[in-house]
Number of protein chains: 2
Amino acid sequence: MPTSTNQHNAGNLGFLKRLNRSAILEMVRRSPGMTRADIATHARLTKATVGTGVQSLLARKWLTEGDLKKSSGGRPGRALYLNDEHYALIGAEVGVHGLRMVACSLNGDILDQHHEHLPPTTPEITARHLAECLQTLLAGPAVAERHCLGLGIAVPGPIAPGQTVLRLAPNLGWRDVPFLDLLQQYLPAPEGIWLMDNEAKAAAFGELYFRTGDIPDSLLYVSAGTGIGSGLVEGNPWPVVTRGVQGLAGEIGHTILQPGGLYCHCGNRGCAETLVSGWTIRAALGIAEEDDLYEALASRLHDDEVQRTLKRAGQALGTLLLNLHHTQNPSEIVLGGSLTRLGPALLEPALSYFEASQNRLLGISQHIPLRIIEDSTFIAARGAAAQVLAHAIHDPDAVNRASL
Amino acid sequence: MPTSTNQHNAGNLGFLKRLNRSAILEMVRRSPGMTRADIATHARLTKATVGTGVQSLLARKWLTEGDLKKSSGGRPGRALYLNDEHYALIGAEVGVHGLRMVACSLNGDILDQHHEHLPPTTPEITARHLAECLQTLLAGPAVAERHCLGLGIAVPGPIAPGQTVLRLAPNLGWRDVPFLDLLQQYLPAPEGIWLMDNEAKAAAFGELYFRTGDIPDSLLYVSAGTGIGSGLVEGNPWPVVTRGVQGLAGEIGHTILQPGGLYCHCGNRGCAETLVSGWTIRAALGIAEEDDLYEALASRLHDDEVQRTLKRAGQALGTLLLNLHHTQNPSEIVLGGSLTRLGPALLEPALSYFEASQNRLLGISQHIPLRIIEDSTFIAARGAAAQVLAHAIHDPDAVNRASL
DNA sequence: GCGGCTTGGTTAATTAACAGAACTAACCCA
DNA sequence: TGGGTTAGTTCTGTTAATTAACCAAGCCGC
């Protein structure tokens with residue numbers, strides 16, 4: 001978990017040095033083209049301190065110098081940028097319909113990606129499969145030249161904070177799987193950071209962290225697919241994912257929207273997932289698990305039954321969003337997951353309800369931005385890669401040292 | 001907002017010194033009786049660093065030395081404690097039924113308290129009234145001898161982060177009131193920290209921060225009174241209150257529990273408050289606003305109508321708690337507010353539903369502790385005082401300097 | 001085009017914080 | 001009573017930020 005202070009919250013001189021290097025790096029990452037002088041004023045450090053810090057970050061290939069900036073009467077400063085050529089980040093997602101993996105540059109650009117179809121199977125087979133694909137990815141021309149900072153894995157289930165065990169993945173049929181350890185058995189490389197997180201939380205982190213321009217204070221990612229989950233990222237300048245004690249934060253699919261409603265697979269009644277989710281829509285419209293939901297519905301989208309079902313589901317989704325707004329009140333909401341491909345039939349009722357209701361309480365017209373991702377295929381994998389970067393940035397000198 | 005790093009997340013030597021002093025102080029606060037050697041090992045600082053830090057904190061009366069500890073073969077260490085005699089913290093709550101204020105010691109012990117009955121009125125009258133009462137409190141024998149670190153105010157409505165404006169307080173009939181500024185006009189003293197926060201968020205902070213023994217990683221306070229609100233505190237070792245962009249985090253009373261249900265005063269339908277809250281229970285049972293809810297119900301508690309009403313409300317409360325569990329998953333839940341006085345008729349249905357449902361998802365028997373506060377009269381005021389302490393602790397040397 | 005003016009960035013000496021080792025203090029135990 | 005052990009301090013050393021001087025590189029007005 002990225003944190004700007006060490007575990008015990010006290011620090012020595014080395015910690016201070018690290019802190020300042022991270023701060024410089026993070027500032028340049030967020031505002032590409034800053035000069036040393038800009039950094040000094042914004043970070044309230046002296047020119048000298050920034051100078052040596054930048055020098056070290058240049059030497060370690062974290063930064064590159066760009067052109068001279070326009071002068072405003074004095075000597076022009078030299079623009080600094082994240083060195084987008086030297087390092088690579090690897091992210092992967094274990095999903096219900098297969099494995100997805102990406103290699104990213106420090107700016108979050110995807111260097112290489114791969115989608116491997118794989119129906120739910122045992123953790124061992126999955127790990128072996130993933131290890132093979134990752135090895136190919138690592139050896140590929142886009143990555144092989146770069147220094148790999150680490151690997152992040154996104155999985156469809158809750159993970160308790162500080163743990164590497166996937167507690168439950170109903171859609172994979174897994175329970176208490178130490179997936180990261182398993183993967184490590186089959187995959188020696190890369191060295192560096194290894195981490196695993198819930199799919200929606202990884203996605204949320206990536207959507208916030210790899211944002212170009214102003215980074216919002218907080219962001220909620222709602223992942224609407226076979227199940228429904230969410231991830232909340234908060235904190236400036238060091239965003240952190242909210243997990244909860246048992247890793248259950250964001251299990252919004254099991255939030256009750258209809259007391260006494262239908263039974264959910266979790267055993268409770270009236271969960272949000274009984275109203276919106278891949279599996280309820282499938283159940284309501286008689287679509288088999290093996291079929292692609294979008295393809296199965298494409299031809300029937302204008303059927304009355306389909307329309308009614310999706311509208312009902314959309315309204316529930318809108319209610320869910322409103323509840324999250326009044327519980328967590330994020331700066332921004334991003335809606336992804338396979339259900340967004342169903343388009344306006346599902347989303348329009350959700351959005352119109354949410355837009356109409358969200359400001360009733362304060363009576364203001366300040367709307368929370370809500371963005372919909374139509375193709376969220378690689379979002380979670382990229383988010384896991386972002387988490388690797390966030391870790392690495394906290395000790396930028398470490399990557400060139402012997403052990404991380 | 002207490003944060004261990006400065007705003008720009010870079011630091012100089014002075015920052016490092018402050019950080020380490022805070023860390024020492026916080027460690028002793030949490031584990032009274034630690035010795036210098038204990039601190040050194042836990043904080044990973046050297047004995048020398050801890051020694052000088054402790055010396056300075058002793059000189060500034062933040063700490064006191066206690067007895068020698070039992071030796072285990074070597075020289076016994078000297079126990080260190082928070083100096084509970086020198087400083088005072090002031091907290092106040094502006095509530096629907098009046099003003100409450102407390103003076104606390106650093107350990108959170110209440111030195112003096114006052115409850116002033118005051119029906120909802122204008123912000124100006126309220127501020128003047130509060131200022132007078134606070135002046136009396138400050139001049140009282142329990143406080144006058146002490147150095148006052150500052151004043152925290154808890155109010156029944158949302159406050160956007162970093163602001164001192166109460167955006168909305170439906171139960172007071174206020175909107176966009178700069179209450180802290182207003183109060184400052186009538187009350188010159190105390191110098192130091194001034195802050196204002198939502199009542200449930202202040203309460204949450206206090207319940208976590210003034211806890212004796214192990215402090216949980218996170219805590220959710222649910223305030224069930226005229227309206228329903230919650231506050232979530234997270235973070236170790238520096239707990240932080242979650243606010244949301246507009247300060248709406250924790251407005252759980254306006255979370256939809258019954259889509260298409262009754263109209264709420266906020267304009268939406270089926271809000272939690274239409275099912276559980278002082279005002280719905282009053283409306284359902286025909287109790288006037290002026291009457292004390294508890295007293296009005298005391299004689300009728302075994303009426304069928306009352307029982308039915310409270311049971312329904314209790315079930316809704318249980319659902320609300322479950323939803324919070326699956327959204328935020330706090331380490332611990334504390335339930336307070338005037339409704340807890342209604343006892344088992346309301347609480348038993350809530351708890352039994354929550355207990356039965358909370359572990360369905362993970363299929364484990366690890367329960368989240370849920371504590372009920374029967375008398376939460378001064379909880380929010382004390383919480384506001386705790387927030388003052390949390391601020392002060394981040395720069396323990398500052399209080400003796402000229403300006404804070 | 002040639003000095004002032006302004007801003008960017010580096011360098012060398014200084015300051016201030018933590019670190020390390022030696023030392024004293026205080027207790028236990030045999 | 002002396003050796004072993006742990007607590008805490010002191011002195012010296014190391015490290016990182018700071019200060020101030022300096023050089024670099026543009027602008028501007030004459």
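Chain A is the first sequence line, chain B the second, and so forth, proteins listed ahead of strands; every chain is numbered from 1. Keep in mind that the numbers below use all heavy atoms, side chains included, and drop hydrogens, waters and symmetry copies.
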[X] near the nucleic acid: base, sugar-phosphate alone, or nothing, with a heavy-atom cut-off under 4.0 Å?
X	answer
B/Thr35	sugar-phosphate
A/Ala37	sugar-phosphate
A/Leu13	base
A/Thr46	base

Would you say [N] has OP1 or OP2 under 4.0 Å from some side-chain N or O of [X]?
X	N	value
B/Thr52	D/dT9	no
A/Asn12	C/dA19	yes
B/Arg44	C/dA19	no
A/Asn20	D/dA17	yes
A/Arg36	C/dT10	yes

Once you measure the plane-to-plane angle for B/Trp238 and B/His394, does it fall in the parallel (<30°), tilted (30-60°) or perpendicular (>60°) bin?
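Rings of B/Trp238 and B/His394: tilted, 30 to 60°.
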
Name the one of B/Thr35, B/Ile24, B/Ile39 that satisfies side-chain contact (heavy atoms from CB on, under 4.5 Å) with B/Leu80?
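Testing each of B/Thr35, B/Ile24, B/Ile39 against B/Leu80, the sole residue satisfying side-chain contact (heavy atoms from CB on, under 4.5 Å) is B/Ile39.
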
So do the side chains of A/Asn9 and B/Glu26 get within less than 4.5 Å of each other, counting heavy atoms only?
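Side-chain contact under 4.5 Å: no.
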
Counting primed atoms plus P, OP1 and OP2 as sugar-phosphate and everything else as base, spell out the protein contacts along nucleotides 22-30 of chain D at 4.0 Å heavy-atom distance: B, S or - for each nucleotide, 5' to 3'.
--BBBS---

Length of the CD1-P vector between B/Ile39 and D/dT6, whole Å
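After rounding, the gap between these two atoms is 19 Å.
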
